[in-house]
S.K.: 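Dropping the structure in here first, questions after.
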Amino acid sequence: MASACIPAAPTQPALPSGPAVFKTIPYAFILPEILCGTWVWILVAATSVAFPLLQGWVMYVSLSSCLISLLLLISYIFGFHKNSENWKVLDSLYHGATAILYMSAAVLQANATIRSETGPHSPLYYQLNSAASFFAFITTFLYILHAFSIYYQ
């Protein structure tokens, strides 16, 4: 009698825990997201914040996403996810939404940079705002990479 060969169900890759988080794509993007996001809010806070409406949004987005990403990194390191498929959905949704919010913040920071080119203390604040804009766009790119790599994984 011929034995029926039942194909094995495709297994989902396990979510990393512990130090494997830093070696696994897309989870390895979390630490650079936190570091670049930290640079954004430090650099914006170092300026005179001449445009509170623009740079207030940048500070809110960078600080809140930095803290939430830090909590997410800690939960991955300690294995709070328990290899749940829902955790991947949460991660993908968070990073996708944060990428959109960070893009808006990066554009507003670039606007504040252009507007700070003239005025008192313009060379110093222009350089700080330029660096903040650069890191805001880099952080946006990291969040986009993370969201898409989870989606296509």
Side-chain angles (χ1 to χ4, degrees), residues 13 15-153:
L15 293 173
S17 294
V21 171
F22 302 110
K23 300 174 189 170
T24 310
I25 299 291
Y27 309 102
F29 291 131
I30 296 176
L31 190 59
E33 290 165 2
I34 293 169
L35 294 176
C36 289
T38 303
W39 273 112
V40 171
W41 66 266
I42 287 173
L43 289 167
V44 172
T47 66
S48 67
V49 186
F51 311 105
L53 189 60
L54 300 177
Q55 292 178 307
W57 177 250
V58 175
M59 288 292 288
Y60 171 74
V61 169
S62 62
L63 188 58
S64 62
S65 63
C66 187
L67 291 175
I68 294 171
S69 292
L70 183 63
L71 290 174
L72 191 63
L73 178 65
I74 289 170
S75 63
Y76 274 124
I77 289 173
F78 290 117
F80 294 143
H81 52 76
K82 301 200 186 324
N83 215 13
S84 171
E85 186 64 28
N86 295 333
W87 201 262
K88 280 185 161 181
V89 173
L90 171 80
D91 194 350
S92 181
L93 288 175
Y94 165 71
H95 281 89
T98 305
I100 293 168
L101 293 176
Y102 237 110
M103 179 58 79
S104 70
V107 169
L108 290 176
Q109 180 58 37
N111 186 356
T113 301
I114 292 168
R115 293 173 67 181
S116 72
E117 193 170 7
T118 58
H121 314 295
S122 61
L124 174 64
Y125 292 144
Y126 179 73
Q127 291 171 352
L128 289 171
N129 283 324
S130 296
S133 296
F134 173 76
F135 280 110
F137 281 107
I138 293 296
T139 308
T140 302
F141 181 66
L142 288 170
Y143 276 106
I144 290 171
L145 276 177
H146 190 124
F148 277 118
S149 59
I150 284 211
Y151 179 74
Y152 286 116
Q153 189 179 31

S.K.: Between L73 and I77, does a side chain to side chain contact (heavy atoms under 4.5 Å, CB included) hold up when you go through it step by step?
M.R.: CA-CA 6 Å; L73 178 65; I77 289 173; 3.9 Å; yes
S.K.: Which heavy atom in D91 sits nearest to a heavy atom in H95, and how many Å separate them?
M.R.: OD1-ND1, 2.5 Å
S.K.: Can you measure from OG1 (T98) to CG (L93) and round to the nearest 0.5 angstrom?
M.R.: 10.0 Å
S.K.: Working to the nearest 0.5 angstrom, can you tell me the gap between C66 SG and L71 CG?
M.R.: 10.0 Å
S.K.: Considering all heavy atoms of both residues, which atom of F29 and which atom of L142 are nearest to each other, and what is their separation?
M.R.: CD2-CD2, 4.1 Å
S.K.: Which residues satisfy the side-chain hydrogen bond (donor to acceptor under 3.5 Å, both in side chains) test with T140, sequence neighbours excluded?
M.R.: none
S.K.: Work out which heavy atom in S69 is nearest to a heavy atom in Y143; give both atom names and the distance.
M.R.: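 Here S69 and Y143 meet closest at OG-OH, 2.8 Å.
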S.K.: When you look at OH of Y94, are more than 12 heavy atoms from neighbouring residues, nucleotides or ligands closer to it than 6.0 Å?
M.R.: yes
S.K.: Find the distance between CD1 (I25) and CG (L145) and round it off to the nearest 0.5 Å.
M.R.: 9.0 Å
S.K.: Any idea which heavy atoms bring S62 and G37 closest together, and the distance?
M.R.: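 Heavy-atom minimum between the residues: CB-O, 3.9 Å.
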S.K.: If you round to the nearest 0.5 Å, how far is NZ of K88 from OH of Y27?
M.R.: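 Y27 atom OH to K88 atom NZ measures 5.0 Å (nearest 0.5 Å).
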S.K.: Could you tell me the separation between the CG atom of L108 and the CD atom of Q55, rounded to the nearest 0.5 Å?
M.R.: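 L108 atom CG to Q55 atom CD measures 9.5 Å (nearest 0.5 Å).
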S.K.: How many angstroms lie between atom OG1 of T139 and atom CD1 of I144, to the nearest 0.5 angstrom?
M.R.: 11.0 Å
S.K.: A quick test of your reading: do over 12 heavy atoms of other residues, nucleotides or ligands sit less than 6.0 Å from CZ of F80?
M.R.: yes
S.K.: Tell me the closest heavy-atom pair linking Y102 and S65, and the distance in Å.
M.R.: CE1-OG, 3.1 Å
S.K.: If you look at every heavy atom in V58 and A105, which pair is closest and at what distance?
M.R.: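 Of all heavy-atom pairs spanning V58 and A105, the closest is CG2-O, 3.2 Å.
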S.K.: Throw together a table of side-chain donor-acceptor distances under 3.5 angstrom for residues 38-47, partners on residues two or more places apart or in other chains.
M.R.:
residue : atom : partner : partner atom : Å
T38     : OG1  : I34     : O            : 2.6
T47     : OG1  : V44     : O            : 2.7
T47     : OG1  : V49     : N            : 3.3

S.K.: Kindly indicate, with the supporting measurements, whether the criterion side chain to side chain contact (heavy atoms under 4.5 Å, CB included) is fulfilled by L54 and R115.
M.R.: CA-CA 11 Å; L54 300 177; R115 293 173 67 181; 3.6 Å; yes
S.K.: Suppose we screen for ring pair (Phe, Tyr, Trp, His ring centres under 6.0 Å). Which residues come up paired with Y60, at least two apart in sequence or across chains?
M.R.: W57
